[in-house]
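Sequential numbering from 1 along the given sequence is applied to the chain's residues.
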Amino acid sequence: MKLTLRALIFCMVGLFACEESADEAINTLGTEVDVEMKEYLEGDQRLLMFKFFTTRDFGCINHRISYNFQQGISGLAIQLNEVEEPTACLKAMGPASAFVDVGSLNTGEYEFSLQIGEDITNTGILNVRPESYQLVLNAEAGINLRTIQLQRIPKNALWGSVQFLNKPSDNIANSFVTQLTKLGATQDKFDKGDYGFFEVDASGKVSPKTVTSEASPFTFLMNYRGDETELVALLSEINRNHGEEVNIRLRTAQGSEYRSWDLHQ
């Protein structure tokens with residue numbers, strides 16, 4: 001009797017183990033994926049893009065993730081298929097990537113589906129509001145969601161950085177902000193959050209998403225409703241007078257980007 005019971009227990013344990021293994025989804029992509037959202041600007045349009053990066057590095061920096069994208073009236077569906085080797089390898093270690101251009105979305109709720117390889121599917125809701133995008137998923141299998149909520153760029157925003165080439169100069173930075181104010185720019189408080197191009201903390205301080213040099217730049221974030229040609233004239237003047245001391249990069253909510261070092265002295 002004891003042998004029969006023991007055998008029955010082993011059979012049941014083995015059965016449940018097999019069922020659990022069969023139900024476990026396999027990541028056929030071969031790697032987890034970091035997921036980011038970013039809003040791009042073209043005039044008055046706001047265009048949403050999903051950016052995917054594998055957590056595994058590959059020997060060619062230009063490996064790509066093949067994908068399919070479908071957009072219906074009420075939902076979005078993205079399927080990441082496989083990592084593809086490039087025809088011409090750019091030899092450097094780095095992640096494979098995919099950039100899915102969703103485009104302009106009306107405010108509202110959208111059903112969202114993200115499939116990783118053949119077997120893993122994450123579903124949820126993408127909330128599109130006038131001030132933000134918010135992605136809420138029921139699970140995060142095979143992915144790391146880096147952007148849960150993305151603040152949208154206000155329509156009159158003006159932002160950028162002053163990078164000092166030698167030593168920091170508060171006089172140049174403060175003079176530049178003063179000149180922007182004279183052109184009509186205002187230093188209003190922006191909501192805390194990740195705006196894709198920059199981040200704002202609870203105190204209203206702005207910081208760039210990435211810093212490419214050892215010395216942190218002076219950053220600014222303002223509202224501006226004036227003529228962009230006046231911004232170009234101001235940067236040209238600064239480049240003439242302080243071109244060997246600073247580089248200034250300036251962006252607008254209309255998608256324009258101006259760099260002082262590109263302007264003729």
Side-chain angles (χ1 to χ4, degrees), residues 37-49 101-108 127-134 147 149-164 168-212 216-243 245-265:
M37 291 187 289
K38 189 165 185 178
E39 184 180 57
Y40 287 88
L41 314 169
E42 290 186 8
D44 293 331
Q45 284 192 311
R46 300 290 183 268
L47 309 173
L48 178 63
M49 176 178 286
D101 186 2
V102 173
S104 180
L105 295 174
N106 295 325
T107 56
N127 289 307
V128 180
R129 304 187 180 101
E131 71 281 356
S132 68
Y133 301 94
Q134 184 181 40
T147 312
Q149 180 163 313
L150 176 69
Q151 298 296 116
R152 305 184 72 173
I153 302 292
K155 66 178 183 178
N156 296 311
L158 170 75
W159 72 94
S161 61
V162 179
Q163 185 67 59
F164 301 100
S169 172
D170 290 340
N171 289 336
I172 295 177
N174 293 332
S175 174
F176 174 64
V177 172
T178 299
Q179 292 299 318
L180 286 176
T181 302
K182 290 181 178 179
L183 294 179
T186 56
Q187 292 183 296
D188 304 319
K189 186 174 181 180
F190 288 70
D191 291 336
K192 174 186 175 182
D194 177 1
Y195 288 79
F197 297 93
F198 55 85
E199 294 178 324
V200 177
D201 66 17
S203 68
K205 181 180 178 181
V206 60
S207 59
K209 289 282 288 186
T210 57
V211 177
T212 56
S216 296
F218 170 86
T219 54
F220 56 92
L221 174 61
M222 308 175 79
N223 274 316
Y224 181 71
R225 297 174 177 83
D227 192 333
E228 291 190 11
T229 58
E230 295 186 340
L231 299 175
V232 175
L234 174 59
L235 288 181
S236 297
E237 180 183 351
I238 291 175
N239 194 38
R240 285 195 301 271
N241 298 328
H242 304 286
E245 300 173 76
V246 296
N247 283 338
I248 299 178
R249 183 191 298 266
L250 184 152
R251 294 176 180 267
T252 73
Q254 285 67 47
S256 302
E257 178 181 2
Y258 302 107
R259 302 182 299 184
S260 63
W261 61 92
D262 286 338
L263 302 175
H264 298 295
Q265 296 187 23

A.B. asks: Going by the side chain to side chain contact (heavy atoms under 4.5 Å, CB included) test, name the single residue among Thr252, Leu221, Asn223, Val200 that passes it with Trp159.
C.D. replies: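 Considering Thr252, Leu221, Asn223, Val200, a side chain to side chain contact (heavy atoms under 4.5 Å, CB included) with Trp159 is found only for Leu221.
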A.B. asks: Determine the minimum heavy-atom distance between Asp227 and Tyr224, stating which atoms define it.
C.D. replies: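 In terms of heavy atoms, the two residues are closest at O-OH, 2.8 Å.
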A.B. asks: Counting distance only, does the side-chain N/O of Asn247 pair as donor-acceptor with the main-chain N or O of Gln163 below 3.5 Å?
C.D. replies: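 The answer is no, because no donor-acceptor pair under 3.5 Å joins these two groups.
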A.B. asks: Of all the heavy-atom pairs spanning Phe164 and Ala173, show the shortest one and how long it is.
C.D. replies: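 In this case the closest contact between Phe164 and Ala173 is CZ-CB, 4.1 Å.
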A.B. asks: Short question: side chain of Arg152, backbone of Arg129 - any donor-acceptor pair under 3.5 Å?
C.D. replies: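 Here the side-chain-to-backbone pair exists.
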A.B. asks: Would a distance-only check, ignoring hydrogens and angles, find a side-chain to backbone donor-acceptor pair under 3.5 Å from Thr219 to Val206?
C.D. replies: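 Yes, the answer is positive, given that a donor and an acceptor are paired below the 3.5 Å cut-off.
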A.B. asks: Roughly how far apart are Thr186 OG1 and Arg225 CZ, rounded to 0.5 Å?
C.D. replies: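 Here the interatomic distance stands at 6.0 Å.
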A.B. asks: Less than 4.5 Å apart, any side-chain heavy atom of Ser104 and any of Leu47?
C.D. replies: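 Ser104 reaches Leu47 side chain to side chain.
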A.B. asks: Listed by chain and number, what are the ring pair (Phe, Tyr, Trp, His ring centres under 6.0 Å) partners of Phe218, not counting sequence neighbours?
C.D. replies: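 So Phe218 forms no ring pair (Phe, Tyr, Trp, His ring centres under 6.0 Å) with any residue.
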A.B. asks: Mind checking whether Tyr195 and Phe190 have parallel, tilted or perpendicular rings, split at 30° and 60°?
C.D. replies: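 Correct class here is perpendicular.
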A.B. asks: What is the minimum heavy-atom distance between Asp201 and Lys205, and which atoms define it?
C.D. replies: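 Heavy-atom minimum between the residues: OD1-N, 2.8 Å.
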A.B. asks: Is there side-chain contact between Leu180 and Leu231, with heavy atoms separated by less than 4.5 Å?
C.D. replies: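 A side-chain contact under 4.5 Å exists here.
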A.B. asks: Looking at every heavy atom in both Asn156 and Ala253, which two are closest together, and how far apart are they?
C.D. replies: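 Residues Asn156 and Ala253, closest heavy atoms: N-CB, 4.2 Å.
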A.B. asks: Answer yes or no for Lys38 and Tyr133: cation-pi contact, defined as NZ/CZ to six-membered ring centre under 6.0 Å and angle to ring axis within 45°.
C.D. replies: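 No, cation not above the ring by the 6.0 Å, 45° rule.
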A.B. asks: Between Ser169 and Asn171, does a side-chain hydrogen bond (donor to acceptor under 3.5 Å, both in side chains) hold up when you go through it step by step?
C.D. replies: CA-CA 5 Å; Ser169 172; Asn171 289 336; 5.0 Å; no
A.B. asks: Considering only heavy atoms from C-beta outward, does the side chain of Leu48 approach that of Met37 to under 4.5 Å?
C.D. replies: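 Yes; the side chains approach each other to less than 4.5 Å.
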A.B. asks: Rounded at 0.5 Å granularity, tell me how far CD in Glu199 sits from CD in Gln151.
C.D. replies: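 Reported to 0.5 Å precision, the distance equals 11.0 Å.
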A.B. asks: Any side-chain heavy atom of Gln187 sitting closer than 4.5 Å to one from Val177?
C.D. replies: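 Gln187 reaches Val177 side chain to side chain.
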A.B. asks: Quick one: CZ on Arg259 to OG on Ser161, what's the gap to the nearest 0.5 Å?
C.D. replies: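 Reported to 0.5 Å precision, the distance equals 11.5 Å.
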A.B. asks: Does any non-hydrogen side-chain atom of Arg249 lie less than 4.5 Å from one of Trp261?
C.D. replies: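 Sidechains of Arg249 and Trp261: in contact.
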A.B. asks: If you look at every heavy atom in Ser256 and Glu228, which pair is closest and at what distance?
C.D. replies: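 Closest heavy-atom pair between Ser256 and Glu228: OG-OE1, 2.9 Å.
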A.B. asks: Does some side-chain heavy atom of Leu234 sit less than 4.5 Å from a side-chain heavy atom of Glu230?
C.D. replies: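 No, side chains not in contact.
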A.B. asks: Do other residues, nucleotides or ligands put more than 12 heavy atoms under 6.0 Å from Asp44 CG?
C.D. replies: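 At most 12 heavy atoms, drawn from other residues, nucleotides or ligands, come within 6.0 Å of this atom.
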A.B. asks: Work out which heavy atom in Glu39 is nearest to a heavy atom in Leu150; give both atom names and the distance.
C.D. replies: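 Reported closest heavy-atom pair: N-CD2, 3.6 Å.
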A.B. asks: With a 4.5 Å heavy-atom cut-off, do Phe176 and Leu250 have their side chains touching?
C.D. replies: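 Yes, close enough: below the 4.5 Å cut-off.
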A.B. asks: Between Ile153 and Tyr40, is there a side-chain heavy-atom distance shorter than 4.5 Å?
C.D. replies: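 Not in contact.
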A.B. asks: Can you tell me how far CD of Gln254 sits from CD of Glu42, rounded to the nearest 0.5 angstrom?
C.D. replies: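 Rounded to the nearest 0.5 Å, the CD-CD separation comes out at 12.5 Å.
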